[in-house]
Amino acid sequence: MTQHAASGKQARDFSELDSAREVQTLSRPSLSYWQDAWLRLKANKRALVSLFLVVGLLLFTLVGPLVWRVNPAAQDLDQVSQPPGVDRVALIVAPYEPWAGGSTPGTGLRLAETATTQAVRLAWDALPGAQGHRVYRNLFPVGPERAYGIPRAEFFDNATLSFEDRLDIKPGTYYYTIVGLNADGSLSDQTAALTVEAQRVTTLAEAQERGLVAAEATLALGDSVELAAHPLGTDYLGRDMLARLMAGARVSLFIGIGAPLCFVLFGVIFGSVAGFVGGRVDTAMMRFADFVVALPFLLFMILFKIAFGIGPGESGVLPMLVALVLLMWPATARLVRGQILQIREQGYISASQLLGAKTHYLILRHMLPNTLGVVLVTLTFAIPSAIFTEAFLSFIGMGVAPPTPSWGSMSNEGIKTMLTTPHELIFPALLISITVLAFNLLGDGLRDALDARMRNRE
Amino acid sequence: MSETQRPASGDGFTQAAGTQLALYALVAMVVLAAIMALLSFAIGDSSASGGGAIDAERNAITITLRQEPPQLDATRSTDAASFAVLGHVMEGLISYDQKGQLIPGVAERWEIREDGATFWLRDDALWSDGKPVTAADFVFAWRRVVDPATASQYAFITYPIQNAEAITNGDLPPTTLGVRAANERRLEVDFQQPTPYFDKLVAFITFLPLRQDFFESTNGRYAADADMMLYNGPYLLSEWVHGASMRWTKNPLYWNDEKGFLDEIDIAYITTDVNAKLNLFKDAQIADTDLVAPMLPEAMERRWHIDRFMDGTVFFLEFNHRDGRVTKNKNFRKAMQLAQDPSELVYKVLKEAAYIPAESLFPSWIRGAQELLRREHPPTKHEMNLAKAREHLELARQELGLDDFPPIVLLSGDTPVSTLSAEYYQELFKRNLGLEVRIDLQTFKQRLAKMTSGEFDLVLSGWGPDYDDALTFGDLFSSWNLNNRGRYDSADMDANIRIAQSELDPVKRSAAFGEIQRISYEDVVILPMYERGWSFVVDPRLDGLIRRAVGPEVDYTYAKIRSASQNGDE
Amino acid sequence: MWSFILKRLAQGVITVWFIATATFFAMHNVPGDPLLNDRAMTAAIRANVEAKYGLDKPLGEQYVIYLGNLVRGDFGISFTQENREVNDIIREHFPVSATLGVLAVLFAAAGGVLWGALTALYRNRLPDYVIMFFVILGISVPSFVIAAVSQLALVGVNAALGVTLLPVAGWGTLWHMLLPALVLGMGTMAYLTRLMRSSMLEVISADYVRTAKAKGLPAARIFTKHQLRNAILPVITVLGPSIAAITTGGFVVELVFAIPGLGRYFVQAVQQLDYTVIMGTTVFYGAFLVFMVIVVDVLYGFIDPRVRMQ
């Protein structure tokens with residue numbers, strides 16, 4: 001209102017107002033604390049995505065095994081450490097029979113039989129001047145460096161001129177070399193080489209046992225079958241990675257979510273009792289919490305883990321959970337106590353008390369709901385740290401006991417074969433990362449959404 | 001917020017602030033570098049990081065050790081890491097050559113009789129302070145081993161010596177031990193019972209000498225530090241930073257010209273992590289490294305000269321033969337025996353190129369009377385036979401009067417290989433025999449405690465040789481051996497072990513070992529799994545590194561650096 | 001002030017006693033037998049060894065002896081390294097872990113503040129996206145994966161360059177520390193970067209910054225004096241707890257990089273059931289952490305008088 005306009009006002013410019021009959025209307029719908037928080041969480045794109053991720057993980061864990069019905073413990077020794085998406089066609093051959101060796105017609109280093117993933121049977125003639133022979137196998141052609149590859153066998157006389165190799169033969173090309181041995185056992189210059197194509201094979205019995213063909217099917221030797229499909233490949237014992245990841249998810253998420261739930265619950269009870277009762281009890285309880293906080297976390301985690309011990313057939317999930325709960329509750333307890341102390345001084349509590357509210361009503365209606373937001377955020381952030389702890393313990397060999405899979409123990413196994421079969425590390429590590437990230441972002445979103453100060457911001 | 005909505009001013013501000021930030025980053029980096037320099041100065045030169053894997057100029061190499069040697073007092077050492085160090089810095093009466101044959105050490109020659117042995121000591125064997133190694137030094141050391149106050153865990157290995165066991169039990173004073181110095185250069189030993197393999201026994205670490213006056217001068221701190229030891233081996237322990245590094249230097253007073261060619265061996269890293277070791281080797285920081293199966297493809301791609309050796313240890317599934325266990329039933333054991341095949345374990349599951357499927361309690365390299373024991377007395381050929389296995393299982397079910405077998409507890413250590421084997425066997429026995437196997441995975445000491453108290457049905461177990469004689473494996477399942485954790489007890493077995501212990505005729509002894517081997521298969525005392533070996537690679541510039549089954553598992557005493565002209569050859 | 005310090009110290013002593021007791025009883029509750037070894041011992045040999053470590057006495061008496069020794073600062077002799085006192089082991093290995101930890105914290109703090117400020121300045125632009133991508137990696141990838149992959153990457157870099165840029169493992173010189181400390185500080189750095197970014201964003205739109213700009217102060221000065229300084233405060237408050245987390249969390253890095261620190265030693269001791277080393281290390285770390293917390297509290301007390309009044 002400018003001065004100019006104000007000065008020009010006169011009495012006739014004013015008229016009587018209609019008396020206000022309408023009740024003031026609200027421009028926006030009335031929202032409870034939680035509704036409002038939910039709206040704001042929905043508006044946060046990252047939090048929403050992470051919420052979907054969490055739901056997806058839960059589906060993967062709970063519904064996944066119903067869809068992908070493969071036994072995570074079943075070992076397929078024909079397909080060990082198989083990366084995803086390789087050819088699965090195998091020839092049917094006769095069951096393995098031990099081979100006595102013996103001579104085979106031909107010259108030089110030669111195959112006694114067709115090379116298969118079951119066995120590669122080699123025969124050779126004694127090399128000139130050799131007092132014995134050493135057999136090598138290589139994945140690469142032998143060059144001028146004379147790096148022949150892996151020594152497979154050595155014979156210190158010329159009586160044995162054949163060798164059967166069964167060590168982890170995968171379909172593909174192998175370069176075999178035999179090298180003559182001198183009298184003192186050293187390598188001579190005499191060599192003979194052979195390139196071998198190994199074919200993927202299986203036996204009829206195995207094919208029937210694994211359900212690859214119908215039990216009554218009559219397959220002849222030389223027919224081909226398709227081996228069991230493993231969409232994410234297999235691990236070091238030929239177990240299906242996807243099924244194991246799902247089973248592992250149950251363990252990792254059980255610890256990751258179960259432990260925080262337990263200790264947060266305990267912390268809430270402990271903290272609210274301390275905060276509400278106050279006085280000496282409060283001091284004593286909080287001093288005890290201080291003691292527990294002072295325990296070096298990882299050291300005690302390890303100590304408790306071995307002190308509880310695990311018996312035969314036990315997975316060790318429960319001891320780990322108990323150890324986590326024992327060590328992690330004080331933070332929540334302190335937080336809740338602080339909140340309760342704050343809320344106790346609020347005006348609406350006094351008002352409620354004046355109106356005759358009883359203690360349990362005060363606690364249930366006012367105190368707990370008002371701390372719930374903070375607790376929820378703590379819970380969300382505690383999940384990633386619990387999952388990391390599980391993975392860490394597995395890495396130093398103090399995790400869940402095999403054959404129980406967990407993402408941590410799977411990554412630990414995978415790290416050993418990181419170079420040759422990276423898929424055994426990548427998948428479990430990826431799942432850990434996704435889970436940790438999802439809960440972290442969700443925690444961020446929740447914290448913002450539940451923060452009352454942000455309530456009226458757009 | 002309104003500021004940032006005006007792009008021109010916003011960008012200008014950001015730019016100025018960014019420049020300022022870059023300046024701070026620079027300062028932070030300089031400060032950090034200074035702090036790091038200060039810190040590295042403060043912790044001092046705590047590593048013996050030498051000049052890479054091979055330093056031809058200094059005639060030195062750099063290697064790793066798998067752990068800090070826990071006990072370098074040979075009278076009390078029990079572990080491989082300590083043995084490896086002691087094998088380089090000490091020498092006993094008898095030692096090993098490049099091919100693992102016994103050769104004279106401090107003793108020039110020796111004689112083993114039915115009732116005792118005599119060792120004649122060479123006169124040029126000296127301690128690192130210049131004094132000669134005398135027979136009295138052995139007498140002092142061996143008495144210390146059996147003395148209860150020493151609490152030596154390997155005291156049992158001296159039991160062939162007269163009164164040794166009684167002294168350890170506290171029944172006799174240590175001075176009554178059947179060993180005496182006839183003079184400075186002659187050591188006389190009396191036996192408790194005939195011990196034809198005594199020469200092989202004294203090559204063991206526990207029989208190393210120790211000089212009384214020096215030991216007493218250390219006030220109980222003997223072998224606690226490099227200067228708290230006296231050496232008589234090809235190398236001296238010249239530097240020892242606990243847990244971090246060691247340095248072995250050539251011993252100028254050592255008598256044998258055929259050993260100790262390098263001037264210096266630096267142990268710059270102490271680690272069990274094979275990946276770390278591989279990375280160090282690739283980086284040319286260490287002279288040799290072990291290769292586990294997943295590393296082999298890369299090793300082949302890099303054209304390394306891969307070699308392998310057997311470390312002598314045999315691994316097996318040991319049954320619990322105590323009363324009340326289903327595994328006490330022979331048919332049950334037979335069923336398990338027929339339902340498995342060690343070659344599948346080795347070739348398909350463990351996939352270690354240097355492992356070989358075990359065929360018997362005795363490893364393939366053990367010698368009999370004339371040649372390999374395996375040639376003289378071939379072990380029973382094992383074949384998997386599921387039909388027969390199930391028959392035996394049915395028999396066991398009837399004999400035990402059970403409807404269903406209780407879950408079988410498989411006790412296992414927590415090493416990767418044990419874990420893997422346990423997982424494999426669990427599935428295998430379930431698939432082939434319908435048995436429920438429960439894995440009980442325990443850390444080293446916890447597993448031992450359960451083995452000792454008998455809380456298992458099956459245990460993944462292994463046995464490594466102490467000395468180069470079949471008896472080191474052969475007496476394992478005698479009823480009196482405490483290492484017979486499954487408490488196997490058979491008169492037949494015991495009788496053969498007694499023959500093997502004291503029979504002087506090598507052919508008869510060898511036959512006794514053959515019998516032990518047969519009984520252990522036919523009575524299914526154990527299920528042999530594999531003989532452990534290691535693939536390894538050595539820097540091509542280094543020659544003569546020895547890995548072996550008996551004695552120090554890694555031996556650099558014969559190692560030398562190839563001259564530059566030889567380099568091209570291989 | 002002095003009474004405040006004394007009170008905190010007394011509390012600290014009681015806390016250490018609590019830790020020592022908890023460790024002692026947890027330890028003696030561990031199934032297994034520390035004295036067993038590959039080769040079985042006869043009863044006589046075993047009795048000799050037990051007497052040496054005082055394990056033949058009743059538990060109560062052992063506890064009293066243990067507390068007595070603790071007061072004198074004596075942790076006893078290691079079970080596996082029979083010639084070494086636990087005190088020596090801690091003296092030799094703790095400085096290594098501490099050095100690594102201090103460096104990691106410095107890296108984390110410096111990196112966190114710098115990257116955080118940078119991302120806030122260039123919000124929703126390329127540097128922000130790039131850095132936040134790495135922050136997400138640092139937060140969500142397990143430390144042992146980061147450690148193993150970075151060691152492998154270093155080998156690759158060294159091989160590509162043909163010289164040893166940095167040593168891939170081991171300990172001793174400045175260069176040995178660089179990569180392990182970075183890896184160790186990675187998680188904390190990521191966390192601090194996020195923290196710094198959000199507190200910086202709050203400050204950027206603060207009233208006093210607007211005022212300063214309106215006054216026409218130079219941009220660099222506003223940035224340093226008004227923004228950076230205020231934004232850094234929350235970062236400093238969380239630094240204390242992260243120091244503790246990092247010094248004890250060095251296990252993985254020490255294992256992967258073959259660093260002779262106390263963490264690696266502890267893991268070995270647990271596997272070997274080395275009673276004295278486990279108890280010694282735990283009590284030592286516990287006391288160390290308690291002491292650090294007291295120091296931080298006292299420092300805060302000097303800075304902020306309100307703390308003292310509590």
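Throughout, a chain's letter reflects where its sequence line sits, starting with A, and its residues are numbered from 1. What you are looking at is a predicted structure, and each value in this text was computed from that prediction instead of being measured.
- For Ile19(C), the parts lying near chain A are the backbone and the side chain together; criterion is any non-hydrogen pair under 4.5 Å.
- Counting heavy-atom pairs closer than 4.5 Å to chain A, the top-ranked of the candidates Pro142(C), Ala287(C), Gly286(C), Gly12(C) is Pro142(C).
- Options Ile14(C), Leu137(C), Val149(C), Val16(C) differ in how many heavy-atom pairs under 4.5 Å they form with chain A, and the most are formed by Ile14(C).
- For Ile139(C), the parts lying near chain A are the backbone and the side chain together; criterion is any non-hydrogen pair under 4.5 Å.
- Of all heavy-atom pairs between Ala26(C) and Phe304(A), the closest is CB-CE2, 4.3 Å.
- By the 30° and 60° cut-offs, the orientation of the rings of Phe251(C) relative to Phe392(A) is perpendicular.
- Only the side chain of Val256(C) comes within contact range of chain A, judged by heavy atoms closer than 4.5 Å.
- Both the backbone and the side chain of Phe144(C) come within less than 4.5 Å of a heavy atom in chain A.
- For a residue to count as touching a neighbouring chain, one of its non-hydrogen atoms must lie under 4.5 Å from one of that chain's; by this rule Val290(C) touches chain A with the side chain only.
- Within residues 425-438 of chain A, the residues having any heavy atom under 4.5 Å from a heavy atom of chain C are, by residue number, Leu425(A), Ala429(A), Ile432(A), Ser433(A), Val436(A), Leu437(A).
- Within 6.0 Å of CZ in Phe291(C) there are 12 or fewer heavy atoms belonging to other residues, nucleotides or ligands.
- Proximity to chain C is limited to the side chain of Phe300(A), based on heavy atoms less than 4.5 angstrom apart.
- Each side chain to side chain donor-acceptor pair (under 3.5 Å) pair with one or both residues in residues 319-335 of chain A, not counting sequence neighbours, appears once here: Asp290(A)-Arg334(A).
- Remark: Tyr191(C) OH is loosely packed, at most 12 non-hydrogen atoms of other residues, nucleotides or ligands lying under 6.0 Å away.
- For residues 436-446 of chain A, the set of pairs meeting the salt bridge (Lys or Arg N to Asp or Glu O under 4.0 Å) definition, not counting sequence neighbours, comprises Asp444(A)-Arg447(A), Asp444(A)-Arg194(C).
- Within the structure, no pair that satisfies the side chain to side chain donor-acceptor pair (under 3.5 Å) test touches residues 48-57 of chain A, not counting sequence neighbours.
- Shown here for Phe18(C) and Val292(A), the closest heavy-atom pair between the two residues is CE2-N, 4.3 Å.
- Side-chain contact between Phe266(C) and Ile302(A) is present, with heavy atoms from C-beta onward closer than 4.5 Å.
- Heavy atoms of Leu152(C) lying under 4.5 Å from chain A belong exclusively to its side chain.
- The contact between Thr23(C) and chain A is made by backbone and side chain atoms together, counting heavy-atom distances below 4.5 Å.
- Between the CH2 atom of Trp17(C) and the CZ atom of Phe291(A) there is a distance of 7.5 Å, given to the nearest 0.5 Å.
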